[in-house]
2 protein chains.
Amino acid sequence: MPYETASVSERRTLPPAVAVSTVAFALNPPDGALIGEAAASPDAGADARITLWLPLVRRTRAPFLGRWALPGGPTRWDETLADTALRTLHAAVRRDPGYLEQLYSFGGVERSAEAQRLVTIAYWALYGERELLASPLPAAGTAERGQDRGRARRWDDPEPAETAAESGDRPGTQGATAPGDPDPNVAWFSADRLPELAFDHAEIVAYALARLRSKTEYEAVAHRFLGPVFTLGRLRAVTEAVLGETVDPANFRRQALAQGHLVDTGETETGTRHRPARLYRFREDPPTRPPGHPGRPAAPHDPAPRSAV
Amino acid sequence: MPYETASVSERRTLPPAVAVSTVAFALNPPDGALIGEAAASPDAGADARITLWLPLVRRTRAPFLGRWALPGGPTRWDETLADTALRTLHAAVRRDPGYLEQLYSFGGVERSAEAQRLVTIAYWALYGERELLASPLPAAGTAERGQDRGRARRWDDPEPAETAAESGDRPGTQGATAPGDPDPNVAWFSADRLPELAFDHAEIVAYALARLRSKTEYEAVAHRFLGPVFTLGRLRAVTEAVLGETVDPANFRRQALAQGHLVDTGETETGTRHRPARLYRFREDPPTRPPGHPGRPAAPHDPAPRSAV
DNA sequence: AGAATAGTGTCTTTTAGACAGTATAGG
DNA sequence: CCTATACTGTCTAAAAGACACTATTCT
């Protein structure tokens with residue numbers, strides 16, 4: 001095992017470690033999840049405006065011991081970078097996101113001062129209501145992700161560990177917490193009020209936020225925060241929350257429908273104290289539009305290898 | 001040196017190697033550079049239309065021995081990813097590009113079947129006329145890039161080598177070629193007619209081309225192909241070459257000037273057989289526009305950590 | 001009725017694009 | 001003169017945005 005036995009000075013000559021970190025947004029923390037900082041329950045706050053939340057993981061190792069960090073970890077030899085993002089995200093959140101896209105790669109030499117060089121490929125992800133409502137806690141002993149089991153080494157044994165709670169495996173498997181209890185080293189924070197983050201993760205979060213906003217402006221992503229069916233009013237509320245500004249309902253409706261992605265389900269909302277709204281579903285490929293419209297002229301920047309999970 | 005002595009099976013347990021590959025575009029190959037494939041001189045072709053060129057490096061090692069590949073190589077422990085791109089690009093082209101931006105990271109497990117895992121961070125770059133006209137060949141013995149000298153190992157000694165000619169150091173330093181001769185393992189190809197490339201580099205080139213095109217549409221980059229001053233006609237010709245379609249001269253002029261980036265130098269072109277055109281210079285930050293225009297609403301996708309060299 | 005949001009219609013402003021027409025160099 | 005490109009003016013179509021107005025539910 002040459003890697004583990006190398007001294008710190010020898011590690012300087014080793015190839016850099018490759019890790020993946022993910023900024024995962026959701027409109028609300030999932031039920032039962034720990035809430036960071038403000039300590040108030042998500043709905044208890046005086047203002048009912050929608051805000052973005054994201055999960056963080058507390059580091060249990062140096063450097064940045066005790067600090068909050070993005071979920072992530074090193075990539076394994078037989079898994080793609082996206083797979084690493086999904087695996088480490090699932091280890092922290094216990095759910096798979098509805099959307100995942102590569103963000104940027106950070107490889108500055110200042111990232112790990114004395115230890116081995118660390119290159120981080122950052123991803124960003126979205127959790128929709130569908131994903132967050134799914135039952136998060138499988139019965140004890142159920143191996144839902146086989147490759148998570150039976151590995152001998154914790155990934156953060158060597159010095160340049162990134163986050164921490166990936167070490168937690170499934171709650172209960174290590175006996176540290178009772179089955180069903182949330183991992184105490186994972187909590188959700190409002191994107192507005194994040195704690196001090198480890199490494200350069202604050203920069204990564206800021207970049208992911210900018211990416212989410214810009215993508216919301218020219219491409220349909222807001223619907224991924226919601227469930228399979230939704231009203232236009234809800235979609236607009238999400239868009240406003242992401243963009244941080246109000247949007248004219250009439251114009252928003254026209255633009256959204258003109259995209260061709262929204263399919264009227266024929267059903268309507270019930271139980272509101274106002275006129276019930278139509279429910280729409282999202283269709284991936286817009287129908288062929290009337291001749292003369294060659295469809296969207298391709299997004300300004302479409303990352304080629306993208307994956308909608 | 002645990003890394004070099006590890007067996008192939010042991011390498012499977014090692015962290016992946018990190019390499020950088022760069023797609024570098026230019027309007028023409030630099031003077032004295034080898035021309036790939038078509039073998040004709042760049043101007044000899046019947047059609048004088050502008051096309052894009054990019055440098056490739058022939059591999060001198062397995063896998064893909066003899067195939068052309070993107071310039072690149074592994075990152076060193078004390079250099080940033082962008083630095084690696086610049087260093088390896090300079091090793092192949094002998095010039096620094098005028099623009100460099102990260103493109104995407106490729107880490108698929110199929111990239112290196114049996115050998116150590118390889119993660120490649122792809123960059124794309126632009127060479128302008130200014131950069132290509134610069135004298136490419138320093139006098140023998142001149143150490144213009146100190147850290148390139150005196151290193152003991154060739155980077156591609158271990159198996160998962162990426163490209164090859166980075167090994168060539170400076171022509172003449174290894175005695176293989178006479179000083180002043182171009183490296184025979186480096187050649188420029190028209191982006192239209194590329195040879196079969198090693199690894200998944202064809203995909204990377206396609207992605208870089210798409211990125212160049214989309215960025216040309218919503219942001220000013222075409223000027224980076226040109227020298228410090230240029231006419232609007234030339235800028236339009238470059239834009240047309242990149243986009244692959246003609247652009248109305250009148251409308252292009254208005255849009256280009258409305259961006260606020262172009263400064264009229266007051267001088268004009270001479271020696272043309274038509275009305276002389278005004279010469280413009282590019283200014284990075286547009287002047288404050290009349291109130292009410294809050295400037296561009298930020299590009300659809302602006303990679304945060306970008307570097308204009 | 002009143003509150004609240006859904007949904008439609010329409011007008012104005014802005015932007016993109018087509019294209020005619022004038023300007024100025026060299027041959 | 002002609003040719004070729006530079007540059008200007010103007011009209012049209014499309015898109016974005018502001019905003020009035022109607023519709024339908026619950027309380």
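So you know, we letter chains A, B, ... as the sequences are listed, proteins then strands, and number each from 1.
- Residue A:Asn251 comes nearest to A:Asp248 through the heavy atom pair N-OD1, 2.9 Å, listed as atom of the first residue, atom of the second, then distance.
- Between B:Leu262 atom CG and D:dC7 atom C1' there is a gap of 15 Å when expressed in whole angstrom units.
- A salt bridge between B:Arg278 and B:Glu269 is absent, with no side-chain N of the basic residue lying under 4.0 Å from a carboxylate O of the acidic one.
- Comment: B:Arg211 does not engage B:Glu217 in a salt bridge, judged by the lack of any side-chain N to carboxylate O separation of less than 4.0 angstrom.
- Two residues are said to be in side-chain contact when any heavy atoms from C-beta on lie closer than 4.5 Å; A:Gln102 and A:Ile121 meet this criterion.
- Put simply, CG on A:Leu279 is 11 Å from P on C:dA6, counting in whole angstrom units.
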Taking protein heavy atoms under 4.0 Å as touching, what does nucleotides 18-27 of chain D look like 5' to 3' if B marks base contact, S marks sugar-phosphate-only contact and - marks none? BB---BBBS-
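- Regarding A:Phe252, its CZ atom lies at a distance of 16 Å from the P atom of C:dT5, rounded to whole Å.
- Atom CZ of B:Arg253 is separated from atom P of C:dA18 by 18 Å (rounded to the nearest Å).
- Summarising the geometry of A:Leu70 relative to A:Val23, their closest heavy-atom pair is CD1-CG2, 3.7 Å, with the distance given to 0.1 Å.
- Here the shortest heavy-atom pairing between B:Pro55 and B:Ala24 reads CD-O, 3.0 Å.
- Considering only the side chain of A:Gln255, D:dG17 comes nearest among C:dA6, D:dG17, D:dC7.
- The aromatic rings of B:Phe282 and B:His223 sit parallel to each other, their planes meeting at less than 30°, with 60° as the upper class boundary.
- Not counting sequence neighbours, the partners of B:Leu226 by the side-chain contact (heavy atoms from CB on, under 4.5 Å) test are B:Leu27, B:Glu129, B:Phe230, B:Arg234, B:Leu235, B:Val238.
- Residues from residues 231-240 of chain A that place a heavy atom under 4.0 Å from any atom of DNA chain C, listed by number: A:Gly233, A:Arg236.
- Here C:dA4 presents its P atom at 16 Å from CD of A:Glu269, a figure rounded to the nearest Å.
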